[in-house]
Each structure stands twice: as structure tokens, then as C-alpha cells.
Asks: 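One structure is given below, represented as C-alpha cells, and several questions about it will come after.
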Amino acid sequence: MRGKFITMEGIDGAGKSTHVPYVRELVAARSGAVALMTREPGGTPLGERLRELLLHEAMAPSTEALLMFAARREHLESVIWPALDRGEWVVCDRFTDATIAYQGGGRGIPLSRLAALEAWTHPGFQPDLTLLFDVPVAVGAVRLARHGALDKFESEQAAFHERVRGAYVARAAQNPARFRTIDSTQPVADVRAAIKRVIDAL
Ligand code: TYD
């Protein structure tokens, strides 16, 4: 049986990273299958090299979007699709919804253009479940400030992050069957309880 593909999304500072190990643990326990944890951009040797460039080098917005999808196709072909075919479950820290949110909402690339790249990169393939960790931008900014060194996206202005959040919320509204929005302003224990309810239901 084919495994399931679960993605985790949210603005920078939403607390997604805090919950990655818990989601993996839960998926492994509840699915009874191997649970593979991976991330985007990245997840392959080539993807990790592209991640370095994407997170730290200035580039045109279109270049950024194209490199995100290039890294994604490599990730799908060499890691995600083979694992799902073996019956493993894959949890991915960010996927195409992040491109819609950051390069679409944040950078202003027309969604029709991103939709064409999405259809080229993974025709007919979408996550089975997407956890959207949602916090107001001001809350995310406070959490980021505790991090220290910020990457290219984390260093963007509040208005950029507002557009990213808005694009995520719109994408979730358009895809209610696969999105589950989790109020990530709650204490960690409450967020975990919400994650558990969603994974149990899957
Ligand atoms: P992030 O997932 O927040 O990792 P960390 O928790 O280690 O900081 O960092 C990835 C960054 O890349 C994040 O700011 C969003 C950005 N990104 C895009 O802009 N588009 C994409 O398609 C993806 C996958 C990520």
C-alpha cells in the first residue's frame, strides 16, 4: 500500500520547527510504517546546495521560484515518490504551498504562473494532509527575534510576512479537504494535542 504524504507549513516564527520531531514520532507510531522526515528546500544533496543559495543569496523572484521547483522535482524523484511507493509515510517540512505563499504572496509572482510550474513539477500529486501552523505576524516576529542570525526570508519586513500569511490562509480555504489549520499561538502542549487529533483522524 502506498504511504501518505504529510506537509507542515506556516510563516517564519510560527513554531513549525518545534513540532517537527513530534509529528514524525506520532506518524511512525500511528501508521505502523517507516516515517521519513525531510524538508524543502532541501532533502537531497542537490536540494541542500540549492537551499544554501535560496536562503542566503539575493536573486530575481522568478529565479527563486524556478529554483524552488527544481529542488522539489529532484526531491520528489529521488526521495519522496520512491519512499511512498515502498509504503513509507513521508513528513515534509514545507512543500509547494510554501512557494505559493512566499514567492506568490510574498514576492508577488502571479499565481497562474506558479500553478503552471506546480502542474509541471508534480502533475496530479498533492499532500494527503497539510498542517498549517498559524500565528499573527507580530507573534512570529517575537519568536524569530530569539533565534539570532536570520536568513533572507526571515529578514523580510512585516508586510512581506503578512502577504505570506494571507496566501497560506487563502490556499487553505481553497483546499479544505487536505488543510488543517492549527492555532500556533497556544502553548506547546495544546498545539501537540491539536496535532495528535489531526494525525489520529488521518
Ligand atoms: P524554514 O522552513 O523556516 O527552516 P528553518 O526552520 O530552518 O528556518 O526555512 C525555509 C525558508 O524557505 C522559509 O523562510 C520559507 C522559504 N521557502 C520559500 O520561500 N519557498 C518555498 O517553496 C519553500 C519550500 C521555502
Side-chain angles (χ1 to χ4, degrees), residues 5-24 37-44 46-76 79-80 90-111 113-122 125-127 130-135 137 139-168 170-172 182 184 188 191:
F5 183 47
I6 299 172
T7 58
M8 298 173 65
E9 300 284 356
I11 64 167
D12 290 286
K16 175 178 60 62
S17 311
T18 307
H19 300 291
V20 162
Y22 181 66
V23 170
R24 184 210 198 144
M37 187 74 226
T38 186
R39 69 171 180 182
E40 290 204 351
T44 65
L46 175 64
E48 291 295 328
R49 289 171 74 181
L50 291 172
R51 180 187 178 92
E52 270 309 301
L53 297 171
L54 282 161
L55 266 57
H56 302 290
E57 297 281 330
M59 60 184 75
S62 296
T63 311
E64 200 175 83
L66 290 164
L67 286 179
M68 290 290 180
F69 277 112
R72 181 161 302 133
R73 179 69 194 204
E74 187 67 15
H75 195 200
L76 284 163
V79 176
I80 298 174
V90 178
V91 180
C92 194
D93 184 349
R94 299 192 185 280
F95 192 63
T96 295
D97 299 318
T99 312
I100 306 301
Y102 282 80
Q103 282 67 50
R107 302 278 191 232
I109 294 185
L111 294 184
R113 211 168 271 185
L114 296 178
L117 292 173
E118 177 181 23
W120 184 20
T121 307
H122 50 90
F125 177 81
Q126 290 293 337
T130 299
L131 298 169
L132 175 58
F133 293 85
D134 188 48
V135 293
V137 168
V139 174
V142 170
R143 289 179 180 173
L144 275 185
R146 295 193 213 119
H147 270 202
L150 301 182
D151 66 39
K152 197 175 83 183
F153 297 103
E154 292 167 341
S155 310
E156 287 286 347
Q157 300 296 311
F160 176 91
H161 293 289
E162 289 289 359
R163 295 195 300 276
V164 171
R165 186 183 184 207
Y168 267 134
R171 181 94 163 159
I182 292 177
S184 199
V188 168
V191 174

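All ligand and atom numbering here is 1-based and tracks the order in the structure.
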Asks: Does R165 reach the main-chain N or O of D134 with its side chain, forming a donor-acceptor pair under 3.5 Å?
Replies: no
Asks: For atom 5 (P) of ligand 1, which candidate among R72, R51, K16 holds the nearest heavy atom?
Replies: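 Among R72, R51, K16, the closest heavy atom to atom 5 (P) of ligand 1 belongs to R51.
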Asks: So which bit of T96 gets within less than 4.0 Å of ligand 1, heavy atoms only: side chain, backbone, both or neither?
Replies: neither
Asks: For atom 17 (N) of ligand 1, find the nearest protein heavy atom and state the residue, atom name and distance (0.1 Å precision).
Replies: M68 CE, 3.6 Å
Asks: Quick one: look at E154 and ligand 1, take heavy-atom pairs under 4.0 Å, and tell me if it's side chain, backbone, both or neither.
Replies: side chain
Asks: Treating K152 as the side-chain partner and E57 as the backbone partner, does any N or O pair qualify as donor plus acceptor under 3.5 Å?
Replies: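 It does hold such a pair.
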Asks: Which is it for T99 and ligand 1 at heavy atoms under 4.0 Å: side chain, backbone, both or neither?
Replies: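 The answer is both.
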Asks: Once you restrict to heavy atoms under 4.0 Å, what part of S17 touches ligand 1? Side chain, backbone, both or neither.
Replies: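 The part of S17 near ligand 1 is the side chain, not the backbone.
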Asks: Who gets closest to atom 1 (P) of ligand 1 by heavy atom: H161, K152, Q103, R94?
Replies: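 Among H161, K152, Q103, R94, the closest heavy atom to atom 1 (P) of ligand 1 comes from R94.
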Asks: In terms of atom number and element, which parts of ligand 1 are under 4.0 angstrom from non-hydrogen atoms of A98?
Replies: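 Atoms satisfying the 4.0 Å criterion: 20 (N), 21 (C), 22 (O), 23 (C), 24 (C).
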Asks: Determine whether the aromatic ring centres of F95 and H122 lie less than 6.0 Å apart.
Replies: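 F95 vs H122: aromatic centres under 6.0 Å.
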Asks: Atoms of ligand 1 less than 4.0 Å from E40 heavy atoms?
Replies: 24 (C)
Asks: Which is it for A101 and ligand 1 at heavy atoms under 4.0 Å: side chain, backbone, both or neither?
Replies: neither
Asks: Side chain to side chain donor-acceptor pair (under 3.5 Å) with T96: which of E9, R72, E118?
Replies: R72
Asks: Heavy-atom contacts with P41 under 4.0 Å: which atoms of ligand 1 show up? List them by number with element.
Replies: 12 (O), 23 (C), 24 (C), 25 (C)
Asks: Test R171 against every option in L132, T130, I100, L111 by the side-chain contact (heavy atoms from CB on, under 4.5 Å) rule and name the one that passes.
Replies: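 Only one of L132, T130, I100, L111 forms a side-chain contact (heavy atoms from CB on, under 4.5 Å) with R171, namely I100.
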Asks: Taking side chain to side chain donor-acceptor pair (under 3.5 Å) as the criterion, tell me which of H75, R51, R94 meets it with E40.
Replies: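 With E40 as partner, H75, R51, R94 yield a single side chain to side chain donor-acceptor pair (under 3.5 Å), made by H75.
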Asks: What atoms of ligand 1 come within less than 4.0 Å of a heavy atom belonging to D12?
Replies: 3 (O), 13 (C), 14 (O)
Asks: Under the rule for ring pair (Phe, Tyr, Trp, His ring centres under 6.0 Å), what residues qualify as partners of Y102, not counting sequence neighbours?
Replies: F153
Asks: Scan residues 142-151 for pairs that pass side-chain hydrogen bond (donor to acceptor under 3.5 Å, both in side chains), counting only residues two or more places apart or in two chains.
Replies: none
